[in-house]
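Have a look at the structure below, then the notes.
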Amino acid sequence: MPAETVRTRFAPSPTGYLHIGGVRTALFNWLFSRQHGGQFLLRVDDTDQQRNVEAALAPILHGFRWLGLDWDEGPEVGGAYGPYFQSQRGELYQAAVEQLLASGAAYRDFAKPEELQAEREAAEKAGRPFIYSRTWAAKTPAEASRFEAEGRQSVVRLKMPRQGELVLNDLIRGEVRFAWASEQDHVIQRADGSCLYHLASVVDDEAMRISHVIRAEEHLPNTPRQVFIAQSLGYTLPAYAHLPYVAEPGSKTKLSKRKLDKYLKNRDFAALMELGSSIARRAGFETTADTFNPVIVDFYERVGFLADALLNYLLLLGWSFDAEREEFSRDEMIEHFSLERVNKAPASFDPQKLLSFQDRAMQRLPLKQKVKKCLPFLQAAGLVSEPPPCDTGPYLSQVLTAAGDRVKVAGDVLDYAEFFMPDNAMPYDEAAFEKRLVKAPAAKALLADYVTELPSVAPFEPAALEAHLKTFIERKGVKIGDVVHAIRVAITGKAIGFGLFDALSILGRERSVQRINRALAIAQTKQPRPS
RNA sequence: GGCCCCGUCGUCUAGCGGUCUAGGACACCGGCCUUUCACGCCGGUAACACGGGUUCGAGUCCCGUCGGGGUCACCA
């Protein structure tokens, strides 16, 4: 085999969002090219010419940048084989169409839509597959002018072989066979002269010297006609590798952006969505189902996922290294990836497993970077000004250290919003306040005594605070559980949170005392309701 | 329906004829740790779709059945 350069591509159509399944396809392309020291390119499939290609492409390119999947050629970076927008490559396609027409691999077809429809229906009725009869194919220029004189319009169709078979050697699926006779004479050029995807794709892959076409399985049935085009044009075929698609959680159906409502009935998917929504709500993000949803990559960035964790999870969705290993750094992914070890069966998207990759990646993240990741969420929520005061860094570091593994995605920092609120404006979890203070006179009394002792605890740090509380409960002859919950609710407003002594220490003596006194005062005004 | 693809625990997977009374991970269940919540640790439940072959021997090879999915545009 000749040592040719490996060049792979991902060809998004500008739809305004980056689908999670698309990312996995792009990742495999990217890994394969990086591993072989080749190039990875982005080509925009905009033959359908929409109005706002640029606007619809921006979120996609943004997603690639966030993920760190850099492209060597394509939009915004250029390259020697441009332009990288199919809408700008019309002449190439036109030339290919003419060549196909000249060689007899394609023909002008003058059938009217209703005539085609009639054939289709007849075939269906007879229970046989619909293959166009070529009744309105112009065999000679004279015939073409006659059809035109009748007022017919023409498209260009592929003249597919009607016998023999195509044996395709797919890098993932092995040998796949198709009977030529069951392939339709597909249209490659519309009546208005614009060209269709299959033609454009094949022409571009050749012009851009793509060596490996790595794409999702749904393209497998398209491959024969593309091979036919390539061969008719005298191209050398790229190697094909058809990836299994990413399926819905708990199902084998292809994951699609449109079925959010259905996925929300899946417990794990709903939990992931709720995690995101709750963060978006507290951070004050504007969200719509079109842009904020776990099928779209943007979701993960906005909620505070780590790109490496997402990529690692996606890597394992359809690919494995061995029986044990699941964690891969970016360099390790590049080193170990191989198409041979890609699975053939579709893999369903598992939100919980993704979360566990994220969880572990976050645990490994150095504190400094964690701070950097979390800060924007506090700012979005209006809890920290922009630019942040200079003591924010150290303070946030303390909070994040105390929170430890509890902050799984960066947006989770909002679980500790109370540390960034003014003491007299911190809200209380009503149920917790009621249970631990209003309805717990003993705890309330202990808390009242406890707060009077706080000024003398020194240093005001976790170890000393813990030692003090220990002697406090001994003197009172109570258990730690009798007072600890009341303190927590008083200083954080919540029943749950990280270590109590860390919380006290972070807030400091003055704020702790203030918060406890405020809680005591409010509890005083509320009569315990007889239950 | 035609064509094509796929089929190991709930999920992602290891397995490329014997080392599989099927291994790992996530989830789940139980326990430990513990001021709450996480984390962590220990243990447990749980799968070769079915039927025929081939073979001394099959999760692994072949055929069939069943099941699931993809695709059948002047979309990409």
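In what follows, every chain begins at residue 1, and chains take the letters A, B, ... in the order their sequences are listed. Values reported hereafter were calculated over all heavy atoms of this structure, with side chains retained and with hydrogens, waters and symmetry mates removed.
Contacts of A:His242 with the nucleic acid, taken as non-hydrogen atoms under 4.0 Å apart, are absent.
Nearer the 5' end of RNA chain B, as judged by each residue's closest nucleotide, is the contact made by A:Phe501, out of A:Phe501 and A:Asp405. In this structure, A:Phe130 and A:Lys408 both approach RNA chain B, and ranking their closest nucleotides by distance from the 5' end singles out A:Lys408.
In this structure, the side chain of A:Asn312 engages the main chain of A:Glu326 through a donor-acceptor pair within 3.5 Å.
The six-membered or imidazole ring of A:Trp319 lies near that of A:Phe328, with a centre-to-centre distance under 6.0 Å. Taking the six-membered ring wherever Trp is involved, the centroid distance between the rings of A:Phe460 and A:His468 does not fall below 6.0 Å. Taking the six-membered ring for Trp and the full ring otherwise, the centers of A:Tyr313 and A:Tyr300 sit at least 6.0 Å from each other.
In summary, the side chains of A:Arg157 and A:His186 do not present any donor paired with an acceptor at a separation below 3.5 Å, with no hydrogens or angles considered. Defined by atom type and a distance below 3.5 Å, a donor-acceptor pair is present between the side-chain atoms of A:Arg190 and A:Ser194.
When the C1' atom is compared between B:A27 and B:C5, the two are found 29 Å apart, to the nearest whole Å. Atom C1' of B:U60 sits at a distance of 12 Å from the matching atom of B:A22, rounded to the whole Å.
Checking the phosphate oxygens (OP1, OP2) of B:C26, a side-chain nitrogen or oxygen of A:Arg360 falls inside 4.0 Å.
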What are the atom names and distances for every N/O pair under 3.5 Å that joins the protein to nucleotides 4-13 of chain B?
from  : atom 1 : to       : atom 2 : distance (Å)
B:C5  : O2'    : A:Arg173 : NE     : 3.3
B:C5  : O2'    : A:Arg173 : NH2    : 2.9
B:C5  : O2'    : A:Glu217 : OE2    : 3.3
B:U11 : O3'    : A:Ser348 : OG     : 2.8
B:C12 : OP1    : A:Lys252 : NZ     : 2.8
B:C12 : OP1    : A:Ser348 : N      : 3.0
B:C12 : OP1    : A:Ser348 : OG     : 3.2
B:C12 : O2'    : A:Leu316 : O      : 2.8
B:U13 : OP1    : A:Gly318 : N      : 2.8
B:U13 : O3'    : A:Ser320 : OG     : 3.2
B:U13 : O3'    : A:Asn343 : ND2    : 3.4

